[in-house]
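The block underneath contains the structure these notes are about, expressed in structure tokens.
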Amino acid sequence: MSLATRPQAAKAADLLVWYDRHRRVLPWRALPGERPDPYRVWVSEIMLQQTTIAAVKPYFERFMARFPTVEALAAAPSEDVMQAWAGLGYYSRARNLHACAKAVAERHGGVFPDSEDGLRELPGIGAYTAGAVAAIAFDRPAAAVDGNVERVMTRLFAIDEPLPGSKPLIREQVLALLPHQRPGDFAQALMDLGATICTPRSPACGLCPWREPCEARQAGTQETYPRKQPKKTGKTRFGAAFVAMREDGAVLVRTRPAKGLLGGMVEVPTSEWSADYVLDNAQADAPLKAAWRRTLVPVRHVFTHFPLELAVYVAKVPMATLVPEGMRFTPFARLREEAFPNVFLKALEAGLEALRPPPSAP
DNA sequence: TAACCGTGGCT
DNA sequence: TAGCCAAGGTT
């Protein structure tokens, strides 16, 4: 080993020593000495994209029980996959996950590619996930640069260029640190360090294995990293949601188009959503003619790029009601089986509450 | 490159 | 409260 690379090797070694003592125990993570299951690693990585561990855990356990293997997932109807994902958000992940399972089952004999390049070809697997699965599942020397790693590296080297422009440099620095031994543990160690020590606010520098070499720590500026471009917030959009309940309790629903916002998920019918939506003639947007009445409180929901406020209209409709084109009535007892995103669960709950008959006088 | 794409928790 | 943040990918 050359003198020039020795400090990097020392950094990696120090991190692995820390990891062996402080590694987190996670449902999808193999214990020391165990061989990781690529299927579980892959599913966990997709679920964890922009999503907290606490939110993922129950979904992961249910998902594994329902789809134990990549073949089982590939063979499942897409409605089942979307229903298993409902509430987790970023639903294109679920569509791509299903497509990826089919590709692995059909093109790779049910075996995941073990290289970064091979993984990168699959739907829903980008630069980060390809590196993470290659490293974690197959112990390949790959960089897995997520938000944690970006934070750790920009602090360690006091990288002042704001994200995302600094991504290539960060990736270079990670590759320069990669150890020849245990690259999979190194990838996980870097993420554990970012998640538990090198946190966005109030990092625990006193406990960090890299407290000595960390350039930001030396300058006392660690909490100012990573530098980022400020993001702009979207304008609130408005609209109306329509909860139509048949006399037998069935509710009118429809499936959204496969692409775009909440693509492939189930909704109660709504109007268009826009910043200047006028509520006065909302009933013109109703899916069918009925005695619509508006609930007292609108449903508010915040998406990544805009807030939404939906007025909720409810109506009781007769059994003989014609089902509008592209819609269906779901029996009341089966509403929980539908792949409703949270915003429509909110609208549905508000509607059902308004439709509930008042308690009879004693 | 930048916009799009959910949700929940925390400060 | 309002903004930030969390194991990002696609177009």
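When reading the values below, keep in mind they use all heavy atoms of this one structure, side chains included, and skip hydrogens, waters and symmetry mates. In this text the structure is predicted, and so the values were computed from the model without any measurement. We name chains A, B, ... by the order of the sequence lines, and we start the count at 1 in each one.
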Check your understanding: Taking for each residue the nucleotide of DNA chain B with the nearest heavy atom, is it A/Thr51 or A/Pro164 whose nucleotide lies nearer the 5' end?
Key -> A/Pro164
Practice item. Have a look at A/Val302 and say if it touches a base, only the backbone sugar-phosphate, or nothing, with a 4.0 Å heavy-atom cut-off. Key: base
Review point. Quick one: do A/Asp139 and A/Arg182 make a salt bridge, cutoff under 4.0 Å?
Key: no
Review point. How is A/Trp42 classified with respect to the nucleic acid when contacts are heavy atoms under 4.0 Å: base, sugar-phosphate, or nothing?
Key: nothing
Review point. Is the closest basic N to carboxylate O distance between A/Glu349 and A/Lys346 below 4.0 Å?
Key: no
Review point. Using a distance-only test with no angle check, is there a side-chain donor-acceptor pair under 3.5 angstrom linking A/Tyr90 and A/Asn96?
Key: no
Review point. Atom CE of A/Met47 to atom P of B/dC5: distance rounded to whole Å?
Key: 22 Å
Exercise for review: Provide, to the nearest angstrom, the distance between the NZ atom belonging to A/Lys228 and the P atom belonging to C/dA6.
Suggested key: 6 Å
Point to revise | Pair of N/O donor and acceptor under 3.5 Å linking B/dG9 base with A/Thr52 side chain | key: no
Check your understanding: How long is the line joining CZ of A/Arg24 and P of C/dA6, in whole Å?
Key -> 12 Å
Check your understanding: What nucleic acid atoms does A/Leu26 come within less than 4.0 Å of, heavy atoms only: base, sugar-phosphate, or nothing?
Key -> base
Review point. Taking for each residue the nucleotide of DNA chain C with the nearest heavy atom, is it A/Gly126 or A/Arg201 whose nucleotide lies nearer the 5' end?
Key: A/Arg201
Practice item. Tell me whether the OP1 or OP2 atom of B/dT7 has a side-chain N or O from A/Tyr91 closer than 4.0 Å. Key: yes
Check your understanding: Do the charged groups of A/Asp192 and A/Arg24 touch, with an N to O distance under 4.0 Å?
Key -> yes
Exercise for review: Report the nucleotide, chosen from B/dC5, C/dT10, C/dA7, that has the shortest atom-to-atom distance to any side-chain atom of A/Met191.
Suggested key: C/dA7
Study note, to complete from the structure: From CD of A/Gln49 across to C1' of C/dG8 the rounded distance in Å is 5 Å
Check your understanding: Taking atom types as they are modelled, is there a donor-acceptor pair under 3.5 Å from the base of C/dG9 to the side chain of A/Thr129?
Key -> no
Review point. So, A/Glu247 and A/Lys316, do they make that salt bridge, N to O below 4.0 Å?
Key: no
**Study point:** N/O (side chain, A/His305) to phosphate O (OP1/OP2, B/dC5) under 4.0 Å
**Key:** yes
Check your understanding: Are OP1 or OP2 of B/dG6 and a side-chain N or O of A/His301 less than 4.0 angstrom apart?
Key -> no
**Study point:** Phosphate contact (B/dG8 OP1 or OP2) by A/Asn342 side-chain N/O below 4.0 Å
**Key:** yes
Check your understanding: Does A/Gln50 make a side-chain N or O approach to OP1 or OP2 of C/dG8 shorter than 4.0 Å?
Key -> yes
